[in-house]
Amino acid sequence: MSRVSKPYDPKQIEKKWQGIWDVEKAFAATDDYSKPKYYALVEFPYPSGQGLHVGHPRPYTALDIVARKRRMQGYNVLYPMGWDAFGLPTENYAIKNKIHPKVVTENNVKHFKDQLHSLGYSFDWDREVNTTDPTYYKWTQWIFLKLFQAGLAYKSEMPINWCTSCKVGLANEEVVNGVCERCGSPVVRKVKSQWMLKITDYAEKLLEGLKDVDYIEKVKTSQINWIGRSEGAEVEFSLKDKEDKLVVYTTRPDTLFGATYMVVSPEHPYIEKYKDEIRNWDEIMAYREMAARKSDFERTELAKEKTGVQIDGLSAIDPVNGKEIPIWISDYVLMSYGTGAIMAVPAHDERDWEFAKKFGLPIIQVVDGENVDVQEAAFTDVATGKMVNSGFLDGMEVAEAKRAIIDWLAEQSVGHRKVNYKLRDWVFSRQRYWGEPIPIVQCEKCGYVPLSESELPLELPEVDSYMPTDNGESPLAAMTDWVNTTCPCCGGPAKRETDTMPQWAGSSWYFLRYTDPHNDQALASQEALDYWLPVDWYNGGMEHTTLHLLYSRFWHRFLYDNQVVPCPEPYQKRTSHGMILGENGEKMSKSRGNVVNPDDIVAEYGADTLRTYEMFIGAFDLSASWSAEGVRGCRRFLDRVWKLQDMLTEEEGYSDKLETKLHQTIKKVSQDYEALKYNTAIAAMMALINDFYKENQVTRGEYKTLLTLLNPVAPHMTEELWEMLGFGGRLYQTSWPEYEEAKTVEKKVEIAVQINGKTKATVGIDIEADKDFVLAAAKEALGDKLAGNIVKEIYVPGRIVNFVVK
RNA sequence: GCGGAUGUGGCGGAAUGGCAGACGCAUCAGACUCAAAAUCUGACGGGGGCGACCUCGUGCGGGUUCAAGUCCCGCCAUCCGCACCA
C-alpha cells in the first residue's frame, strides 16, 4: 500500500514495447480465413516533405482503438498502412532541388514511417504498399487497361490551365486569382486532347450503391449532391433558316412558353460553325477570350454582375409556339454541364431574370401564384403555382404540366424526358512526370492500342528534367527513345502516350492490394478478396468525400461488374474526422506560424499522451483547436493512472462500492469507442480514476479492467503496468472486459422534482420504488411550495417528477 | 453561386425532449514544503441574499410541449469543399 512507484517514463517504455510488438508480430493479420475478420482502414497519407502533421494521428488513433479492441474481441483484424506517393509537391521539390522524385519519395516515406512507428500504431507493416512501386502500379495500369477495353477510357478535348509565361499546364491549385503561382503571369484555358474516364456511365450505380452502405449522413448527402441527378427534358430549338437544332436541357420544360431568349456557352461549337453569318464576330471573340480567363467557379457565381453578348445573325425558334427568339452567349453557361446551351425563362429562374433585367429582354410569366409580379422578382416556387399564358398547359399544376409537355415534345419529336447528372467525366491525364505512365501507344494505322498485360508494368523512364515541355506535353515527351516504339497490333512505328495518371489512380484501389500485397499474379488473390472485403470501417477526411471516395467506388464497382472483386461496394461504413486547427483557431500553416510537430509532443510527453490528447480534444467529426495546456492535462491523467499502483490492494474482484461504476464504465467506453465518441470514453475513465483516488484504493480486478479499457488509447503504458504488476501474459492478447447490464443500474437515484417544469427540489429514491411512493415523496420534499390545483402529475421513472399546477 | 457543417462558462467541450455546464484546462483557496515546483483536497456561469434560497442564462426572433441546448418556422454569424492539391 505504501510502496512508491518509480516515475512514469514514456520514452523508455514506448521504445521497449514498440520493439516487442515488432518482434512478436503482435498485430499481423493472419491468413487463417476461418476466423471472423475485421478490416479497418484509414486513408493512406501523401508522404510530404514536411513530415507528419498533428492532423494525421487523429484518424489513425481512432481506428487504431477500434482495431485493438476488435483483436481483444477475437477478430482477425486487418489494419494496414501505405503511401500515396505520386504527386505534384514531390515533383516540384524534385525540380527545384534537382533530386529524382523517387529519391525524394523514399526519404519522405522513411521519415513518415519512423514517425508513425513512434506513435505505436497496430498497423500490419508487412502489408505496406506504395503507389509508386512498379509492382504496385503494374496493377493500376492493369485496371486502366480493363477500363480502356470496356470503352470507359476515351480521349477528349479538354481545357487545361495554361501559364502564358512558363508555357506549362498548371493544376488548379497553382492558379491564384487567375495568375500563375510561380511567375504571376496570366493563366488561360488551353484546349488539349486528354484521357477521360467515363464515370458518368456509373452515375446511377454509384447513387444506387449508397442505399446499402452505412456512411455518416453528411458523406452520403455530399455524394448524392455531387452526382447531382435531376429529371427534366431535352428540347430541340431549330436555328432559324438552318438545318441544325440547338439542344437544351431543362428541369423546367413546363415553362417552355416563357422562354424569351437562349444562351449558349462562349465555347459552343455553333459559334465556329456559323462564323460567316455572325455579324459581330469581333465582339463575340473578345468576350470568349475574357471568359477563358475565368474559372467555372467564377463564371457561375450568382452574386456577380451578369455579362453577355447577343449573337447577331443567329436566332432560334421556340418549338411550342414557333416564336423567334434571340441567342446570346454568356459565361455562366458551361460546356461541361448539360448541352452547353440553355433556354432562358426569366420569369421563373433567378439567373435568367437578372440577365434579362440587365439587357432589357422580355419577361413572360407562365406560372401564376398569389401576389406574384415577375417584373419584380423571378417566381420559382413549383409547389403552388398554376400554368398561364401556356396554351394547352393553362390551368395545370407545375408537376402535371411537366408530364404533359414532355409527352407533347415526344409526340412532336422535338424533345424527350432526360435524366441529367452534374457529375462530369474524370479527366485522367496529367502533363507531368511523377505519375503512372498510361499504357497506351498511338499507331497511325491502328489508333490507340493498349499494351498487353505481359508488358506491365510500363515503368517510368529516367529523364534529365521533370519540367513539363513548353508545348504543354509531359516531360516524357522529350524522351524520344522511350516514346518511339512499335505498335503491339501491327508492329509498325508508334508513339507511347506521354501523359501520366492523376494521383487519384493509385488511391482508387489500394485497399484491395492490402488484402494480398505481395501477389505477382493478380492484384490480389480471389481467396483474400473474398475473405477481407468489403472494408468494414473506412475513415477519412471530409475533403475526400466527393472525389477520392467516388472515384474509388467507381473503380470498385467496375471491377465488380468484371468479376474481379466479390462485392459491389468497397466500404461498408464510412466516417469522417474533423481538422485540427492551431491554438488560435486557424488552420495550421507555416505562414501563420501555428504548426505543431507531433515529434515534439512525443519527445516531451510521450506517444500515449499525444494519442490520448488527440482523442480527448473534442467531438471526432468536428474541427478542434490545439491546446498545449490540454496536452498537459492528458499527461496528468496518465500519471494518475500510473500512480494508482501505489493504492493497489490484493483483491481480485471489484469493491462493493465501485462495482456499479465499473460496469457503467465498461459499457460506456465499449459503446463510445464504436460511436466515434472517444472524448467521452476518456472522460468516463477519468471519472473512474477520480473515484479510485477518493477511495484511496484500487483492487487488482479494478485496475485490470481500467488498463484493458485504456489500452487501445494508451497502449504502451498500460502494457508496461500489466507486466510490472504481474497480471499475466500480454495485455494486447487479453480479452475485452464484459459488463452485466443489471449491474450498471444505480439502486438509489436522486430525481428532480419540478413544478410547471422548473426544478424546485430533489428527492432520493430507490430505483424500484413505485409511482405512488415517488409522487408522495416528491410532494413531501416540496412542502409549502406546492400550492394551487395539481392539474397533472408526470413521472419519468428514475428521472423526474413534474407537477402541473394552476 | 452550389454543396456540407458549426454556434453552450474565462477556454476545449458534455448532455436517448427530462436537474444545462460531465470530463479536462485556466484561475482561486487549503494541505505538504524553509521555499518553489510537482502532488493531493476543495471552490469555480451571471446577478441578488448572512442564509437553507431567489433569479437570469445554450448566436437572434417566433412557435410546439407539462418540460426545449435538443423538435418546427424565420434570421444572423463563422468555418470547410467545389472536379489538375491530396
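It should be emphasised that the depicted structure is a prediction, and the values quoted were computed from it without experimental measurement. Values below: every heavy atom of this structure, side chains too, minus hydrogens, waters and symmetry copies. Order of the sequence lines sets the chain letters (A, B, ...), proteins ahead of strands, with each chain counted from 1.
Residue contacts for L423(A): at a heavy-atom cut-off of 4.0 Å it reaches a base atom on one of the strands shown. Counting any heavy atom pair closer than 4.0 Å across all strands shown, D621(A) reaches no nucleic acid atom. The residue E629(A) sits close only to the backbone: its heavy atoms come under 4.0 Å of sugar-phosphate atoms, none of a base. Residue contacts for L550(A): at a heavy-atom cut-off of 4.0 Å it reaches no nucleic acid atom on any strand shown. Using a 4.0 Å heavy-atom distance criterion, E91(A) is classed as making no nucleic acid contact.
In this structure, CD on Q754(A) lies 10.0 Å from NZ on K760(A), to the nearest 0.5 angstrom.
Heavy-atom nearest nucleotides on RNA chain B were determined for A761(A) and for V427(A), and the one closer to the 5' end corresponds to A761(A). Nearest-nucleotide mapping onto RNA chain B: of L547(A) and N225(A), the residue sitting toward the 5' end is N225(A).
Evaluation of the side-chain hydrogen bond (donor to acceptor under 3.5 Å, both in side chains) rule for E780(A) yields no partner, not counting sequence neighbours. With sequence neighbours left out, D84(A) forms a salt bridge (charged side-chain N to carboxylate O under 4.0 Å, His left out) with no residue at all. Here E91(A) pairs with nothing under the side-chain hydrogen bond (donor to acceptor under 3.5 Å, both in side chains) rule; sequence neighbours left out. With sequence neighbours excluded, the residues that form a side-chain hydrogen bond (donor to acceptor under 3.5 Å, both in side chains) with E586(A) are R592(A). Remark: L644(A) pairs with M647(A), I689(A), F692(A), Y693(A), V698(A), Y703(A), L706(A) by the side chain to side chain contact (heavy atoms under 4.5 Å, CB included) rule, at least two apart or across chains. With sequence neighbours excluded, the residues satisfying side-chain hydrogen bond (donor to acceptor under 3.5 Å, both in side chains) with T132(A) are N130(A). Applying the salt bridge (charged side-chain N to carboxylate O under 4.0 Å, His left out) rule to E629(A) yields the partners R632(A); only residues at least two apart in sequence or on another chain are considered.
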field: Sequence-aligned protein contact record of nucleotides 61-72 of chain B, with B where the base is within under 4.0 Å of a protein heavy atom and S where only the sugar-phosphate is
entry: -----BS-----
query: What does nucleotides 10-15 of chain B look like as a protein-contact string, B for base, S for sugar-phosphate only, - for none, at under 4.0 angstrom between heavy atoms?
result: --BSSS
Identify each atom pair where a protein N or O and an N or O of nucleotides 40-47 of chain B are less than 3.5 Å apart, giving names and distance.
unit_1, atom_1, unit_2, atom_2, d
rC40(B), OP1, R640(A), NH1, 2.6

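For rG24(B), the O4'-C1' to base torsion is more than 90° from 0; the nucleotide is therefore anti.
With hydrogens and angles ignored, a donor-acceptor pair closer than 3.5 Å exists between the side chain of Q194(A) and the base of rC84(B).
Every pair passing side-chain hydrogen bond (donor to acceptor under 3.5 Å, both in side chains) that includes a residue from residues 539-549 of chain A is listed here, sequence neighbours excluded: E43(A)-H544(A), Y538(A)-H548(A), N539(A)-T575(A), N539(A)-H577(A). Annotation: salt bridge (Lys or Arg N to Asp or Glu O under 4.0 Å) contacts involving residues 786-804 of chain A, sequence neighbours excluded, comprise K779(A)-E793(A).
Distance L638(A) CG to rC25(B) C1': 15 Å, rounded to the nearest Å.
Base pairing annotation: rG1(B) forms a Watson-Crick or G-U wobble pair with rC82(B), both donor-acceptor distances under 3.5 Å.
Nearest nucleotide to the I160(A) side chain, out of rG4(B), rG81(B), rC84(B): rC84(B).
Using a distance-only test at 3.5 Å, with no hydrogens or angles considered, no donor-acceptor pair links the side chain of N789(A) to the main chain of V791(A).
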